[in-house]
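Data first, discussion second: the structure below is written as structure tokens.
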Amino acid sequence: NQASGGYACGVSQEGLLTGFCVTKNGGKHNLINNVSLEKGTKLVAFEDVTSRAKEIASKFPYARLLGLDFCVTEGGGTKLIEVNCVNNEINFYQMCNGPLFGNFTEEVILFASENKTSYCFDFNL
């Protein structure tokens with residue numbers, strides 16, 4: 001949980017590490033707990049996580065941005081930990097992988113310009 005003192009690591013669309021991670025304050029690291037984040041390292045069970053994420057996301061038709069937390073078990077299976085519909089810390093996505101919407105940026109701009117704006121207020125008391 002990077003927002004609580006952990007790390008966020010970038011991953012390519014092919015499931016390869018970007019070679020570094022960042023902290024909440026923007027510190028950049030290539031080694032965490034003596035584990036190298038060598039660029040190009042393939043994540044275990046990435047295809048399964050991706051497939052399950054798409055399936056789960058389809059159950060949230062009104063959400064514009066979801067954060068899905070998964071873990072991989074010792075046996076290599078995947079488990080969903082939680083679905084985050086708010087407070088997704090998009091700054092970490094962008095610090096690790098660049099612009100949030102990437103190749104979809106123009107599509108998002110077009111959608112936003114053609115659709116009515118709505119607001120959701122999240123009050124944490």
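Every value quoted in this text rests on a predicted model; they were computed, and no experiment measured them. Numbering starts at 1 and runs along the sequence shown.
The line from OG1 of Thr50 to CZ of Phe70 is 8.5 Å long, rounded to the nearest 0.5 Å. We find the CG-CG distance between Leu100 and Leu65 to be 6.0 Å, quoted to the nearest 0.5 Å. The distance from the CE atom of Met95 to the NZ atom of Lys28 is 11.5 Å, given to the nearest 0.5 Å.
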*Working for side-chain contact (heavy atoms from CB on, under 4.5 Å), residues Phe60 and Leu68*: CA-CA 12 Å; Phe60 293 82; Leu68 302 164; 5.6 Å; no
*Does the side-chain contact (heavy atoms from CB on, under 4.5 Å) test come out yes or no for Phe101 and Glu106, once each step is laid out?*
CA-CA 9 Å; Phe101 299 114; Glu106 291 302 319; over 6 Å; no
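Heavy-atom minimum distance, Cys85 versus Asn88: C-ND2, 3.9 Å. Heavy atoms only, all atoms of each residue included: Ala45 and Gly76 are closest at CB-O, 4.1 Å. Ser36 approaches Leu31 most closely through the heavy-atom pair N-CD1, 3.5 Å.
With hydrophobic clusters built from ILVMFWY side chains whose heavy atoms lie under 4.5 angstrom apart, Val44 does not share a cluster with Phe46.
Within the structure, every pair that satisfies the salt bridge (Lys or Arg N to Asp or Glu O under 4.0 Å) test and touches residues 41-51, not counting sequence neighbours, is listed here: Lys42-Glu47.
Atom CG of Asn115 sits in a crowded spot, with more than 12 heavy atoms from other residues, nucleotides or ligands closer than 6.0 Å. Surrounding CD of Glu114 are more than 12 heavy atoms belonging to other residues, nucleotides or ligands, all under 6.0 Å away.
In this structure Tyr7 satisfies the ring pair (Phe, Tyr, Trp, His ring centres under 6.0 Å) test together with His29, sequence neighbours excluded. For the side-chain contact (heavy atoms from CB on, under 4.5 Å) test, residues two or more places apart in sequence or in another chain that qualify with Thr18 are Phe20, Asn97.
For the side chain to side chain contact (heavy atoms under 4.5 Å, CB included) with Thr41, the lone residue among Leu16, Leu17, Val11 that qualifies is Leu17.
Between Cys71 and Thr78, the closest side-chain pair of non-hydrogen atoms is not below 4.5 Å.
Under the 3.5 Å distance criterion, the side-chain polar atoms of Asn30 are left unmatched by any main-chain donor or acceptor of Glu38. For the pair Asp69 (side chain) and Ile81 (backbone), a donor-acceptor distance under 3.5 Å is absent.
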